[in-house]
Protein chains: 2
Amino acid sequence: MPFHFNYSIMTNNQANCLFCNNKSVCFKELTGDELARITENKVEISYKKDETIIKQHGFASNIYFIKKGLVKIYLENTDRNLIIEIGGEGKVLGLTSLNHTKHYMFSATAIENVVLCEISMDVINEIMQTNQYFNRQVISTLNTTIEKILKKLYCISHKHLNGRLAEALLCFADDIYKSHKFTLGISRKDLSDITNMATENVVRLLKEFNEKKYIKLTGKNIEILNYSALKQLSR
Amino acid sequence: MPFHFNYSIMTNNQANCLFCNNKSVCFKELTGDELARITENKVEISYKKDETIIKQHGFASNIYFIKKGLVKIYLENTDRNLIIEIGGEGKVLGLTSLNHTKHYMFSATAIENVVLCEISMDVINEIMQTNQYFNRQVISTLNTTIEKILKKLYCISHKHLNGRLAEALLCFADDIYKSHKFTLGISRKDLSDITNMATENVVRLLKEFNEKKYIKLTGKNIEILNYSALKQLSR
DNA sequence: TATAAACATTGATATATATCAGCAAATTTA
DNA sequence: TAAATTTGCTGATATATATCAATGTTTATA
């Protein structure tokens with residue numbers, strides 16, 4: 001069979017950002033020119049579950065706008081990871097390196113199939129020089145991040161195991177899957193990295209919540225049965 | 001004795017910001033006009049030890065630029081506080097509310113006599129509309145904050161008591177007092193709110209460090225004797 | 001100055017949580 | 001399909017850390 005070069009795998013998805021209906025709030029009020037500059041310097045990429053998107057300490061060359069799917073954002077360590085946040089549609093990764101460090105502060109991995117736009121940091125820096133609206137959106141986004149991390153810090157430092165796990169489950173139901181019934185895309189180990197406890201304790205506590213009918217647990221399928229009991233525990 | 005009205009207590013310190021040699025990096029490249037606007041909308045104030053500067057959940061009406069002295073920045077709670085950072089000269093408080101929330105995210109209290117400039121949030125918002133340099137400095141400052149909080153989160157979630165206390169002592173020596181010999185301006189209770197441990201454990205560990213000759217401890221006077229041992233512990 | 005209040009210290013004890021070891025179940029690889 | 005690897009589960013045990021109670025010490029108050 002003669003060799004036919006497959007052009008499609010060499011061609012980046014270069015849909016014009018101007019016509020994208022799925023823009024991050026940061027990009028909502030960019031001018032046509034600015035969006036054109038972004039179009040020239042972005043690629044849309046798909047990641048499969050478990051693929052690494054950002055590596056902590058690596059050069060912060062791009063930012064990533066999640067269009068579809070979930071990612072775990074975490075601090076890496078030789079012995080143990082700490083998951084800071086599960087990010088979904090609309091989450092922008094990499095802004096925390098802007099005007100601060102050449103490296104990423106954390107790692108990010110797809111926990112299900114993900115579609116995102118990778119945008120060159122250079123063009124972001126360029127737009128920051130000219131568009132105040134963009135800067136203010138970045139500030140707003142960073143402050144949202146700070147609030148989330150402070151909440152996490154508070155949770156881990158002030159709450160016991162059951163409160164931390166209850167809070168994580170409510171976060172899945174309310175913010176991530178937006179339903180009282182969901183299928184966890186992550187392992188018990190990941191849950192332990194979110195709640196900062198031993199995996200065995202995640203297992204034991206999930207079992208306990210199940211026995212007390214706070215949740216209905218079937219492997220990775222979880223249904224919240226007693227929302228207010230979990231809410232109470234998380235205090 | 002006839003009553004003489006003391007005008008001085010009614011007159012704010014309105015030194016012109018243009019001639020201030022002590023400007024935050026955020027304010028370094030403002031135009032003369034912008035500095036004039038700030039001059040009109042700022043007051044220099046002194047706080048005594050233990051006075052509250054910012055109250056968590058209060059309206060974020062001003063930002064505070066610390067010119068002199070140390071403050072503790074902390075999350076409040078009915079049972080227990082968590083000190084996020086000890087801030088000194090050059091620290092700006094309140095930026096984390098910009099474009100995000102009308103309220104302060106944390107409380108701040110003077111731990112020694114403090115001189116600061118209180119600047120109206122309105123004029124800060126005004127300058128953010130016109131000066132990109134200012135915006136970028138704010139972004140830089142926020143990202144520094146994020147990195148610090150992440151370090152704290154990591155410390156509290158991954159390290160044991162001795163590591164957490166060692167890290168706190170090194171922070172005092174390296175970043176806050178910038179000397180291996182210093183007099184702590186805070187109580188053992190505050191140290192426990194920094195390291196997230198029981199006050200009794202702070203006392204016991206300080207004693208242990210003293211016995212092992214890692215530090216020389218005399219009440220609130222601390223001298224670092226074995227820097228590398230503490231550094232090792234903090235890992 | 002006397003008294004009260006807050007802070008610091010110490011040892012004993014209780015509790016929360018991690019670790020270990022062994023096994024079952026599920027998933028991947030050969 | 002079988003073997004190997006990972007993931008989930010369970011109970012027993014060890015450990016880190018908090019709590020409690022009592023006492024000394026400093027600082028604030030009457």
Side-chain angles (χ1 to χ4, degrees), chain A residues 48-51 72 77-83 109 111-112 155-169 183-211 215-222 233-235, chain B residues 48-51 72 77-83 109 111-112 155-169 183-211 215-222 233-235:
Chain A
K48 291 192 197 69
K49 185 175 161 66
D50 293 329
E51 284 189 308
K72 61 174 176 185
N77 189 242
T78 39
D79 49 329
R80 177 143 209 207
N81 296 333
L82 181 74
I83 296 178
T109 298
I111 60 171
E112 55 184 45
C155 178
I156 285 182
S157 61
H158 283 24
K159 294 178 186 176
H160 285 184
L161 296 190
N162 52 8
R164 302 214 293 271
L165 188 62
E167 180 160 318
L169 291 175
T183 302
L184 267 186
I186 58 175
S187 65
R188 303 297 196 249
K189 173 81 184 67
D190 278 335
L191 261 181
S192 84
D193 287 340
I194 290 176
T195 52
N196 196 49
M197 66 180 76
T199 311
E200 292 93 326
N201 287 327
V202 172
V203 173
R204 272 186 274 263
L205 280 171
L206 282 177
K207 194 188 163 196
E208 187 192 321
F209 288 180
N210 187 57
E211 280 163 0
I215 60 174
K216 181 158 177 278
L217 179 71
T218 327
K220 300 222 167 190
N221 300 303
I222 294 180
L233 271 186
S234 85
R235 283 192 199 108
Chain B
K48 292 193 198 68
K49 185 175 159 66
D50 293 330
E51 284 188 310
K72 62 174 176 185
N77 189 241
T78 39
D79 47 329
R80 174 142 212 210
N81 295 334
L82 182 73
I83 296 178
T109 298
I111 61 170
E112 54 184 46
C155 178
I156 285 183
S157 61
H158 282 24
K159 292 179 187 176
H160 286 184
L161 295 190
N162 52 8
R164 303 212 293 270
L165 188 62
E167 179 160 320
L169 291 174
T183 302
L184 266 187
I186 58 173
S187 65
R188 303 296 196 251
K189 174 81 183 67
D190 278 335
L191 261 182
S192 84
D193 287 340
I194 290 176
T195 52
N196 195 50
M197 67 179 77
T199 310
E200 292 93 326
N201 287 327
V202 171
V203 173
R204 271 187 276 263
L205 280 171
L206 283 176
K207 192 186 165 198
E208 186 191 319
F209 288 179
N210 187 56
E211 281 163 359
I215 61 173
K216 182 158 175 279
L217 179 71
T218 327
K220 300 222 167 190
N221 300 304
I222 293 179
L233 272 185
S234 86
R235 281 189 201 112

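All values derive from a computational prediction rather than experimental measurement. Throughout, a chain's letter reflects where its sequence line sits, starting with A, and its residues are numbered from 1.
- Contacts of A:Asn196 with the nucleic acid, taken as non-hydrogen atoms under 4.0 Å apart, involve only primed sugar atoms and P, OP1 or OP2.
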Please list, pair by pair, any protein nitrogen or oxygen found under 3.5 Å from a nitrogen or oxygen in nucleotides 19-22 of chain C.
residue: C:dT19; atom: O4; partner: A:Arg204; partner atom: NH2; Å: 3.1
residue: C:dC20; atom: N4; partner: A:Glu200; partner atom: OE2; Å: 3.0

| In B/S/- notation, 5' to 3', how is nucleotides 25-30 of chain D contacted by protein heavy atoms closer than 4.0 Å? | ------
| Worked verdict on B:Lys207 versus B:Leu217 for side-chain contact (heavy atoms from CB on, under 4.5 Å) | CA-CA 8 Å; B:Lys207 192 186 165 198; B:Leu217 179 71; 5.5 Å; no
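- Atom OG of A:Ser187 is separated from atom CD1 of A:Ile111 by 10.0 Å, given to the nearest 0.5 angstrom.
- Between A:Asn201 and A:Leu165 the shortest side-chain heavy-atom distance does not fall below 4.5 Å.
- Rounded to an integer number of Å, the gap from NZ of A:Lys189 to P of D:dC9 is 15 Å.
- The 12-atom threshold is exceeded at NZ of B:Lys220, counting heavy atoms of other residues, nucleotides or ligands nearer than 6.0 Å.
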| field | Under 4.0 Å protein heavy-atom contacts per nucleotide of nucleotides 23-30 of chain C, with B for base, S for backbone only and - for none | value | --------
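- Candidate nucleotides C:dT10, D:dT17, D:dT10 were compared by shortest atom distance to the side chain of A:Val203, and D:dT10 ranks first.
- The neighbour count for B:Lys49 NZ, taken as heavy atoms of other residues, nucleotides or ligands under 6.0 Å away, is above 12.
- Evaluation of the side-chain hydrogen bond (donor to acceptor under 3.5 Å, both in side chains) test over residues 155-164 of chain B, restricted to residues two or more places apart or in two chains, returns B:Lys159-B:Glu167.
- A:Ile194 has its side chain within reach of A:Ile186: a pair of non-hydrogen atoms, C-beta onward, lies under 4.5 Å apart.
- Side chain of B:Met197, nearest nucleotide from C:dC7, D:dA18, C:dA18: D:dA18.
- Going from atom CG of A:Asp193 over to atom P of C:dA18 covers 12 Å, rounded to whole Å.
- Partners of B:Glu200 by salt bridge (Lys or Arg N to Asp or Glu O under 4.0 Å), not counting sequence neighbours: none found.
- Rounded to whole Å, the distance from CG on A:Leu205 to C1' on C:dA16 is 11 Å.
- Rounded to whole angstrom, the span from the CD atom of A:Glu211 across to the P atom of D:dC9 amounts to 12 Å.
- One can place CG of A:Leu165 at 15 Å from C1' of C:dA16, the figure rounded to the nearest angstrom.
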| request: Apply side-chain contact (heavy atoms from CB on, under 4.5 Å) to the pair A:Asp190 and A:Leu184, showing each step before the final yes or no. | output: CA-CA 10 Å; A:Asp190 278 335; A:Leu184 267 186; over 6 Å; no
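- One end of the helix from C:dT1-D:dA30 to C:dA30-D:dT1 points its axis 50° away from the other end's axis, with each axis taken from 5 pairs and the angle rounded to 10°.
- As a whole-Å value, the separation of B:Arg188 CZ from D:dG24 C1' is 14 Å.
- Taking all atoms of both residues into account, the shortest heavy-atom contact from A:Ser192 to A:Ala198 is CB-C, 4.0 Å.
- Taking 4.5 Å as the limit, some side-chain heavy atom of B:Leu205 sits within range of a side-chain heavy atom of B:Met197.
- Here the P atom of nucleotide D:dT17 and the NE2 atom of B:His158 are 14 Å apart, to the nearest Å.
- Between A:Lys220 and the phosphate of D:dT7, there is no side-chain N or O to OP1/OP2 separation shorter than 4.0 Å.
- In this structure, the separation between CZ on A:Arg235 and OG1 on B:Thr78 is 11.5 Å, given to the nearest 0.5 Å.
- Looking at A:Arg188 and A:Leu206, their side chains come closer than 4.5 Å, going by heavy atoms from C-beta outward.
- Per the geometry, CG belonging to A:Asn162 stands 15 Å off P belonging to C:dT15, to the nearest Å.
- Residues A:Ile156 and B:Asn196 fail the side-chain proximity criterion, which asks for heavy atoms closer than 4.5 Å.
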